[in-house]
Q: 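Below you'll find the structure I mean.
So that the names make sense, note that chain A is the first sequence line, chain B the second, and so on, each numbered from 1. Since the structure is predicted, the reported quantities are computational estimates derived from the model, not experimental observations.
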Protein chains: 2
Amino acid sequence: MFVLIDPATATPVFAQIAESIATQIATGTIATGERLPAAKVLAESIGVNFHTVLRAYQELRNDGQIELRRGRGAVVIGAPTANGVRVAVARAAAEAKSAGIPIGTLLALVRKEYES
Amino acid sequence: MFVLIDPATATPVFAQIAESIATQIATGTIATGERLPAAKVLAESIGVNFHTVLRAYQELRNDGQIELRRGRGAVVIGAPTANGVRVAVARAAAEAKSAGIPIGTLLALVRKEYES
DNA sequence: ACCTATTTGTCCGTATGTATG
DNA sequence: CCATACATACGGACAAATAGG
């Protein structure tokens, strides 16, 4: 697990961690089902507070990339992603963008619709 | 601004705060464009740490309900929500649900599509 | 143009709780 | 029962953007 932090960058540390892990998931460096190191462990290895790593993990969870469970750790989720879904999502995103709806609002709409 | 916290409940304090404010936005008790009290002020008024309120605010921002800016505060966003968007979102949500795709993954897909 | 107060943003540290194994 | 590991909350510090004088 290699995570390199650039303190000079404007992007926050937790975001850098999340981005690094997300990239490694996307490129297959970290496999589906694999378990990420405990937040405390990773934090010590890159020299940051464990809360910062935890926040990165929670960001990844909110993006549906990993699953977090107490006592168990962080596990990478495999994305099945049926085809019809992708098409529908693409249309919704395009509609929203052309309507000038911000991403946050769109996500709120999707969540509300999904949970209704 | 009335926010009542029940310490006996299992739901976290920050979630209770966010939920309370979301309800007040939904019911019109808090109007669109209105400014929420500063996190520090609200925190003192309900007797919690200001970080907890800040987290509630950030939750509301992630849900597209308010806009946060340093030095400016938290302002309630009005939802324009064009009609075509609602239809597209509803379809995408339905597709995802029938495909068994969890909400987190769906949101990640939407975000990726939107930002591409 | 400058300075100051306000307010959110991030990070650190500590403590306690809770689900998992 | 116990160790592990995430979850929440508190507290403090400093940074950065905004607003107002």
Side-chain angles (χ1 to χ4, degrees), chain A residues 1 3-22 25 30 33-77 102-104, chain B residues 1 3-21 25 30 33-77 102 104:
Chain A
M1 186 69 186
V3 173
L4 185 61
I5 299 304
D6 178 8
T9 311
T11 66
V13 177
F14 79 89
Q16 290 186 48
I17 297 172
E19 200 174 321
S20 169
I21 295 175
I25 291 176
I30 305 176
E34 194 171 330
R35 184 179 171 280
L36 299 182
K40 186 188 170 192
V41 173
L42 180 57
E44 281 169 357
S45 90
I46 60 183
V48 300
N49 191 274
F50 101 101
H51 281 118
T52 306
V53 173
L54 215 50
R55 185 164 176 186
Y57 279 9
Q58 289 170 347
E59 181 114 321
L60 291 169
R61 180 190 52 189
N62 289 341
D63 282 0
Q65 309 220 47
I66 66 174
E67 189 190 35
L68 289 178
R69 295 261 283 277
R70 286 172 178 158
R72 196 151 121 339
V75 178
V76 176
I77 296 179
I103 178 64
Chain B
M1 186 70 184
V3 173
L4 186 61
I5 300 303
D6 179 8
T9 311
T11 67
V13 178
F14 80 89
Q16 290 186 48
I17 296 172
E19 201 175 319
S20 169
I21 295 175
I25 291 175
I30 304 176
E34 195 171 330
R35 185 179 171 281
L36 299 182
K40 185 187 170 193
V41 174
L42 180 57
E44 283 170 357
S45 90
I46 61 183
V48 300
N49 191 276
F50 97 98
H51 283 119
T52 305
V53 173
L54 215 49
R55 183 163 177 187
Y57 280 9
Q58 289 170 348
E59 181 113 324
L60 290 169
R61 180 191 52 188
N62 289 342
D63 282 359
Q65 308 221 45
I66 66 175
E67 189 192 34
L68 290 177
R69 296 260 285 278
R70 285 173 180 161
R72 211 155 105 9
V75 179
V76 176
I77 296 177

Q: Nearest-Å distance, CZ (A:F50) to P (C:dT10)?
A: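 Rounded to whole Å, this separation is 18 Å.
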Q: Please check the phosphate of D:dA7 (OP1 and OP2 only) for any side-chain N or O of A:Q58 closer than 4.0 Å.
A: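 So the side chain of A:Q58 is within the cut-off, an N or O lying under 4.0 Å from OP1 or OP2 of D:dA7.
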Q: Are side-chain heavy atoms of A:I21 and A:M1 found at a separation under 4.5 Å?
A: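 Yes, close enough: below the 4.5 Å cut-off.
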Q: Do any side-chain nitrogens or oxygens of B:R35 fall under 4.0 Å of OP1 or OP2 in C:dT7?
A: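 So the side chain of B:R35 is within the cut-off, an N or O lying under 4.0 Å from OP1 or OP2 of C:dT7.
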Q: Please figure out whether A:P12 or A:G71 has its closest DNA chain C nucleotide nearer the 5' end.
A: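 Going by which nucleotide is closer to the 5' end, it is A:P12.
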Q: Once you round it to whole Å, what is the distance between C1' of C:dT7 and CD1 of B:I66?
A: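 Rounded to the whole Å, the gap is 13 Å.
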Q: In whole Å, I'd like the distance from the CG atom of A:L54 to the C1' atom of C:dG17.
A: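 From A:L54 CG to C:dG17 C1': 14 Å.
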Q: Do any side-chain nitrogens or oxygens of A:N49 fall under 4.0 Å of OP1 or OP2 in C:dC11?
A: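 Result: no.
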Q: Does a side-chain N or O of A:R55 approach OP1 or OP2 of D:dA7 to a distance below 4.0 Å, or not?
A: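 For D:dA7, neither OP1 nor OP2 has a side-chain N or O of A:R55 closer than 4.0 Å.
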Q: Classify the side chain of B:H51 and the base of C:dT8 as holding, or not holding, a donor-acceptor pair under 3.5 Å.
A: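 Looking at the base of C:dT8, it does not pair with any donor or acceptor on the side chain of B:H51 (distance under 3.5 Å).
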Q: Taking only side-chain N and O atoms of B:T52, does any of them lie within less than 4.0 angstrom of OP1 or OP2 on D:dT8?
A: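 For D:dT8, OP1/OP2 do not have a side-chain N/O of B:T52 under 4.0 Å.
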Q: Return the value, rounded to whole Å, for the distance between atom CD of A:E59 and atom P of C:dC11.
A: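 In whole Å, C:dC11 P lies 11 Å from A:E59 CD.
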Q: Can you check the B:L68 CG to D:dT18 C1' distance for me, whole Å?
A: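 Going from CG in B:L68 over to C1' in D:dT18 covers 14 Å.
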Q: What's the CD1-C1' distance between A:I17 and C:dC12, to the nearest Å?
A: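 Interatomic distance, CD1 of A:I17 to C1' of C:dC12: 13 Å.
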Q: Let me know which of A:I77, A:L60, A:V76 forms a side-chain contact (heavy atoms from CB on, under 4.5 Å) with A:Q65.
A: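 Answer after filtering A:I77, A:L60, A:V76: A:L60.
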Q: OP1 or OP2 of C:dA19 less than 4.0 angstrom from a side-chain nitrogen or oxygen of A:R72, does that happen here?
A: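 For C:dA19, OP1/OP2 do not have a side-chain N/O of A:R72 under 4.0 Å.
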Q: What nucleotide, of D:dA17, C:dC11, D:dC10, holds the atom closest to the side chain of B:R70?
A: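 That would be D:dA17.
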Q: With a cut-off of 6.0 Å (strictly less than), are more than 12 heavy atoms of other residues, nucleotides or ligands near CD of A:E67?
A: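 Yes, the 6.0 Å shell around CD holds more than 12 heavy atoms from other groups.
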Q: In terms of side-chain heavy atoms of A:F14, which of C:dA19, C:dT10, C:dC12 is nearest?
A: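 Closest of the options to the side chain of A:F14: C:dT10.
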Q: So A:V48 and A:F14, do their side chains get closer than 4.5 Å, heavy atoms only?
A: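 Contact flag for A:F14/A:V48 side chains = no.
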Q: Find the distance A:L42:CG to C:dC11:P and express it as a whole number of Å.
A: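 Nearest whole value for this atom pair: 14 Å.
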Q: Between B:R61 and C:dG9, does any side-chain N or O lie under 4.0 Å from OP1 or OP2?
A: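 Yes.
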Q: Return the value, rounded to whole Å, for the distance between atom OH of A:Y57 and atom C1' of D:dC6.
A: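 Rounding to the nearest Å, OH of A:Y57 and C1' of D:dC6 are 11 Å apart.
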Q: Kindly give the heavy-atom pair with the smallest separation between A:Q58 and B:R55, and that separation in Å.
A: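 A:Q58 and B:R55 have their closest heavy atoms at OE1-NH2, 4.3 Å.
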Q: For A:A15 and for B:P37, locate the closest nucleotide of DNA chain C by heavy-atom distance; then report the residue assigned to the nucleotide nearer the 5' terminus.
A: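 Taking each residue's closest nucleotide, the earlier one in sequence belongs to B:P37.
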